[in-house]
Amino acid sequence: MLYNIFEGRRKGKNMPHIPRVVEERIQKKWALKSVAETSVDKSKKKYYCLEMFMYPSGKIHMGHVRNYAIGDAVARYHRMLGEAVLHPMGFDAFGLPAENAAIKGQAHPKIWTETNIEYMKLQLDRLGFLYDWNRELRTSEPDYYKWNQWFFLKMYEKDLVYKAKSPVNWCPECKTVLANEQVVSGKCWRCSSTVSIKMMEQWFIRITKYAEELYNNLDKLTEWPNEVILMQKNWIGRSEGCFVHFEVFKKKTKILVFTTRIDTIYGATYLVLAPDHPLVDELTTDDRKAEVMNFKKTMSSMGTHERVVSKEKVGVFTGSHAINPFNDEKIPIYVANFVLMDYGTGAIMSVPAHDERDYEFAKIYSLPIKTVVKPEKEVEGVYDGDGYLVQSGEFSGMNNREAMKKMALKAKNEGFGEETVTYRLKDWGISRQRYWGTPIPIIYCKECGTVPVPYSDLPVRLPYDVPFTGKGESPLLKTESFLNTKCPKCGKEAMRETDTMDTFFDSSWYFFRYLDPKNDKEPINRELAHFFCPIDFYIGGIEHATMHLIYCRFFTMFLRDIGILDFGEPVKRLMCQGMVTKDGRKMSKSAGNIVDPDQMIEKYGADAVRLNILFLAPPTDQLDWKEEGAEGARRYLQKVFSLVEDAKDELLKDEVAEPQLGTRAYELRKITHRTIKKVTEEFNTRLKLNTIIASLMELTNTQIDFFAKYQKTKEERFALKESVETLLKLLSPISPHLADDLWLSLSPNHTFLVNEKWPEYNEEIAKEEEIEIPVQINGKLRSVIKVKADESEENILKIAKDDEKVKSYIKDKTLIKEIVVKGKIVTLVCK
RNA sequence: GCGAAAGUGGCGGAAUUGGCAGACGCGCAGGACUUAGGAUCCUGUGGGGAAACCCGUGGGGGUUCAAUUCCCCCCUUUCGCACCA
């Protein structure tokens, strides 16, 4: 409709390109010929191109468009290289929003999810993404989540799964557990009630068993962005140190402390336990009981958020003392808020002279400060660097690094400590008190206890008819038909586990399921996994850096250890695409700045939307959506269209002859081949697709200029045909519809560009025979000379000095230095 | 507080190995075609200056014949972690 205004006003040539018409026509042809189908030809080189699958929220957003436009361009490029490309898409279909919709009475989660998926698939198809829908998967389907349960049972066998009481975020109003990301500033994201911490039985996965490998392998992931590697390193938080046992004065108990600075142990003037440390009660003397109990109560009533926000250090003395095993000194034991139970051992030795936090606490409670490490030069304040030891018994005078090793050895030999490694990473709590997720395949029997569901009984199906009240516990708890079952061991009445799995469990292995999604014999087709995997190129948001991207690495290691895979890392190259914003702000309903992809496609066409989103910024940068840009993209595509239409008569003729050096036709060839080179190299390395598009625009501008002065010689026809055909091929990964439509119109023998061969460049033609070289005098640009590309340094210098402008600058001066960088620059330094 | 990334015309960005800063596009200005133009085409477009030239990649210093690029200090923005012992 945008075009109807001036349609028919233009004569003959230069008819406007009407995107929606062309795009629908081409999409129909693609579907008819099943171009998206994966070729499993093992004689070919494989390429697994994957974008993070999507949550079926209802409609796609611009972030999806960007993510998938990048992936589709890369996938199409590799198809054209003749590789066996796997490029699938699926749906992360379990999750809270579906259940919330049901609570609001909108629709059953299954219906809601399926309706959304159908619509979103339509949207993806309208954008022209080539997904092999034969391989589509939905995590909410029993034939998918069956294998979640299967893996859970395998983990159970391998002792990688356990149930434990642990603190969780609890919303008293919604009566449910909240994930950390659902707690906003200590409040429930839905009802704004203050979230409390509650102890609950939860299922955990021992991901910490893999902490060391998850950490060490990071150095091998050379094609991952540094920031992700760094975030994962910090998240895993590997830290080398020592365990040290401190005996408690006049008691039989020992306190285990973790420290990374055993070298400062002579400076320890007190110990601190976390408020929830199990030894607190035992260590508290009668006279201190009331105060300690009170302190503990205050601490446990605070939410995590409150506790973290109030940075003030508070604590109480337990009344007990510990003995420093190195010097037998008697030091007081405190309980304080700044020591956390879930890191290290929940107890520390405090060295106020060499630790900022210990110092702060010591100041408040007037505890002694004893210096044991001296730096080379005196510094002010708390010194936590290296130096030599003082007041440290037999270790005095030693370099602290050296002493560290010797002290650890002594502790080990004398049995009160040892070197150790701790991690910040915690075990993965996968229990959710929710309906719309994978049921955890466990049965509780009064006689036999906790019994895993036998493999032969999988899947444990999610019942359809359940009550959605939005209050109370999981709907599954109120669904008798699900809840009541027979014990697989003794056959007596038993109850099912009603917790479902965290959806991150679903997404930890989905990329292996694409290989053979309908396989009902095994979760993963090993043969295909070893052909297509690991993933060659994985694109998604950075928000998954420490969640999905750690879980899926763990899962792959686990799959290797149970013999399904023979590799342990799932992703070779990772790219995190930047956020799409509008007016610099995140798009959101509340900000009212959502850009609707449907409207954009309707207005400008899928080709222009894709071109614009790829052109506006490099894939990894934040991108601010500009509608004017879409207008520009549409204008460019119109230019390509008009050029091909205008030149069609010539492009259809077969009489051609290879152009000679020095002609206009040869110049066009040169630019054509140089563009192929530039675009190919960019696809192979940096993938800055915005610069690829810039080169294509330059090539197009050159072609238009060339055609404006077209002489209709066989040589010019050769160059024109080659150049235009090349352009269409290079453009096709980005704006595939127009490229294909024009391509098909050029010959009845043409097939879709995605099945054509990527053009090759001829280095000889691409090469420049004459180049311009800047001449600098005393660092300033003064002239530009023209020389042969392979001109010798002496000759370049001679030509430069012969240049009139250069002469005028150096005539009264003495040359001190002459620098010639062949093919680059001449610099003359003179006085 | 710690860590990381970034800062280039009016705007998005380019400069891949230290070698002509501003490719390509948006916007803007002028012109052409037009009954009309928010269509299309052409020309121009970092700042200053009549010009020769000068200045210019967040700010300040340094290395170099030469710095957007390397080093040091500072500022700002974004992100991650946030008492991690």
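Chain naming here is simple, since letters A, B, ... match the order of the sequence lines and numbering starts at 1 in each. Only heavy atoms go into these numbers, but all of them, side chains included; no hydrogens, no water, no symmetry mates.
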Inset, instruction - Please check the phosphate of B/A14 (OP1 and OP2 only) for any side-chain N or O of A/K688 closer than 4.0 Å. - result: yes
Legend entry - Set of side chain to side chain contact (heavy atoms under 4.5 Å, CB included) partners for A/E543, sequence neighbours left out: none
Inset, instruction - Please work out if A/E772 contacts a base, only the sugar-phosphate, or nothing of the nucleic acid, heavy-atom cut-off 4.0 Å. - result: base
Inset, instruction - Please state the C1' separation for the pair B/A14 and B/A50 - nearest whole angstrom. - result: 33 Å
Inset, instruction - Please state how far atom CE in A/M341 lies from atom P in B/A85, giving the value in whole angstrom units. - result: 16 Å
Legend entry - P gap between B/C11 and B/G46, integer Å: 14 Å
Inset, instruction - With pairs defined as Watson-Crick or G-U wobble and both distances under 3.5 angstrom, please note down RNA chain B as a dot-bracket string, | for pairing with another strand. - result: (((((((..(((......[....)))((((((.......))))))(((....)))..(((((..]....))))))))))))....
Inset, instruction - Nearest whole angstrom, please: distance from the P of B/U17 to the CD1 of A/I825. - result: 18 Å
Inset, instruction - Give a yes-or-no answer on whether the side chains of A/E804 and A/S808 include a donor-acceptor pair shorter than 3.5 Å. - result: no
Inset, instruction - Kindly state each residue pair satisfying salt bridge (charged side-chain N to carboxylate O under 4.0 Å, His left out) with at least one member in residues 230-239 of chain A, sequence neighbours excluded. - result: A/E212-A/R238, A/D219-A/K233, A/R238-A/E240
Inset, instruction - Summarise how protein sits on nucleotides 61-72 of chain B as a single string, 5' to 3': B when a protein heavy atom is under 4.0 Å from the base, S for sugar-phosphate-only contact, - for no contact. - result: ----B-------
Legend entry - Atom-to-atom span, NZ of A/K822 to C1' of B/G18 - whole angstrom: 20 Å
Inset, instruction - Could you measure between the two C1' atoms, the one in B/G27 and the one in B/G13, and give it in whole Å? - result: 14 Å
Inset, instruction - Tell me, please, which residues at least two apart from A/F683 pass ring-ring contact (aromatic ring centres under 6.0 Å, His included). - result: A/Y77, A/W758
Inset, instruction - For the residue pair A/Y761 and A/T680, confirm or rule out a side-chain donor-acceptor distance under 3.5 Å. - result: no
Inset, instruction - Tell me whether the OP1 or OP2 atom of B/G19 has a side-chain N or O from A/K780 closer than 4.0 Å. - result: no
Legend entry - Partners meeting side chain to side chain contact (heavy atoms under 4.5 Å, CB included) with A/K767 (sequence neighbours left out): A/E764
Inset, instruction - Report yes if the side chains of A/Q232 and A/L549 come closer than 4.5 Å at any heavy-atom pair, otherwise no. - result: yes
Inset, instruction - Take the protein atom CD1 of A/I18 and the nucleotide atom P of B/U40, then report the distance between them rounded to whole Å. - result: 14 Å
Inset, instruction - Kindly write out the residues that satisfy salt bridge (Lys or Arg N to Asp or Glu O under 4.0 Å) with A/D705, not counting sequence neighbours, or none if the list is empty. - result: none
Inset, instruction - For A/R238, report the nucleic acid contact type (base, sugar-phosphate, nothing); a contact means any heavy atom under 4.0 Å. - result: nothing
Inset, instruction - State whether A/Y343 places a side-chain N or O below 4.0 Å from either non-bridging phosphate oxygen (OP1 or OP2) of B/C81. - result: no
Inset, instruction - Figure out the CD1/P separation between A/I542 and B/A5, and round it to whole Å. - result: 12 Å
Legend entry - C1' gap between B/U17 and B/A67, integer Å: 14 Å
Inset, instruction - Determine, stepwise, if the pair A/K639 / A/N701 fulfils side-chain hydrogen bond (donor to acceptor under 3.5 Å, both in side chains). - result: CA-CA 9 Å; A/K639 263 161 100 169; A/N701 291 340; 3.1 Å; yes
Inset, instruction - Report the residues that fulfil side chain to side chain contact (heavy atoms under 4.5 Å, CB included) with A/D427, sequence neighbours left out, ordered by chain and then residue number. - result: A/Y162, A/F204, A/R206, A/I207, A/T208
Inset, instruction - Provide, to the nearest angstrom, the distance between the CG atom belonging to A/D342 and the P atom belonging to B/A85. - result: 13 Å
Inset, instruction - Using a cut-off of strictly less than 4.0 Å, decide whether A/R686 has a side-chain nitrogen or oxygen near OP1 or OP2 of B/A15. - result: yes
Legend entry - Where protein sits on nucleotides 23-32 of chain B, one letter per nucleotide: B base, S sugar-phosphate only, - none, heavy atoms under 4.0 Å: BBSSS-----
Legend entry - Whole-angstrom distance between B/C24 and B/C41, as gauged at atom P: 16 Å
Legend entry - A/Q577: partners by side-chain hydrogen bond (donor to acceptor under 3.5 Å, both in side chains), with sequence neighbours left out: none
Inset, instruction - List in chain and number order the residues that pass side chain to side chain contact (heavy atoms under 4.5 Å, CB included) with A/I364, two or more places apart in sequence or in another chain; answer none if no residue qualifies. - result: A/K313
Inset, instruction - Give a yes/no answer on whether the side chain of A/R424 brings an N or O atom under 4.0 Å of OP1 or OP2 in B/A85. - result: no
Legend entry - Distance in angstrom units between A/N234 CG and B/G80 C1', rounded: 8 Å
Inset, instruction - Using a heavy-atom cut-off of under 4.0 Å over every strand shown, decide if A/Y809 touches base, sugar-phosphate, or nothing. - result: sugar-phosphate
Inset, instruction - Name all residues meeting the side-chain hydrogen bond (donor to acceptor under 3.5 Å, both in side chains) criterion together with A/E627; count only those two or more places apart in sequence or in a different chain, and write none if there are none. - result: A/K603, A/Y604
Legend entry - Rounded distance in Å - CD1 (A/I265) to C1' (B/A85): 13 Å
Inset, instruction - Please confirm whether the backbone N or O of A/D358 pairs with a side-chain atom of A/Y270, one donor and one acceptor, at under 3.5 Å? - result: yes
Legend entry - Out of B/C53, B/A85, B/C20, whichever nucleotide has its closest atom nearest the side chain of A/K805: B/C53
Inset, instruction - Check every atom of B/A39, B/C83, B/C20 against the side chain of A/R634 and return the nucleotide holding the closest atom. - result: B/A39
Inset, instruction - Determine the interatomic distance between P on B/G59 and the same-named atom on B/U69; round to the nearest Å. - result: 11 Å
Inset, instruction - Taking syn as within 90° of 0 and anti otherwise, name the glycosidic form of B/G12. - result: anti
Legend entry - Integer angstrom distance from the C1' of B/C75 to that of B/U45: 32 Å
Legend entry - Residue closer to the 5' end of RNA chain B, A/L623 versus A/A347 (nearest nucleotide): A/L623
Legend entry - Nearest-Å distance once atom C1' is located in both B/U16 and B/A21: 16 Å
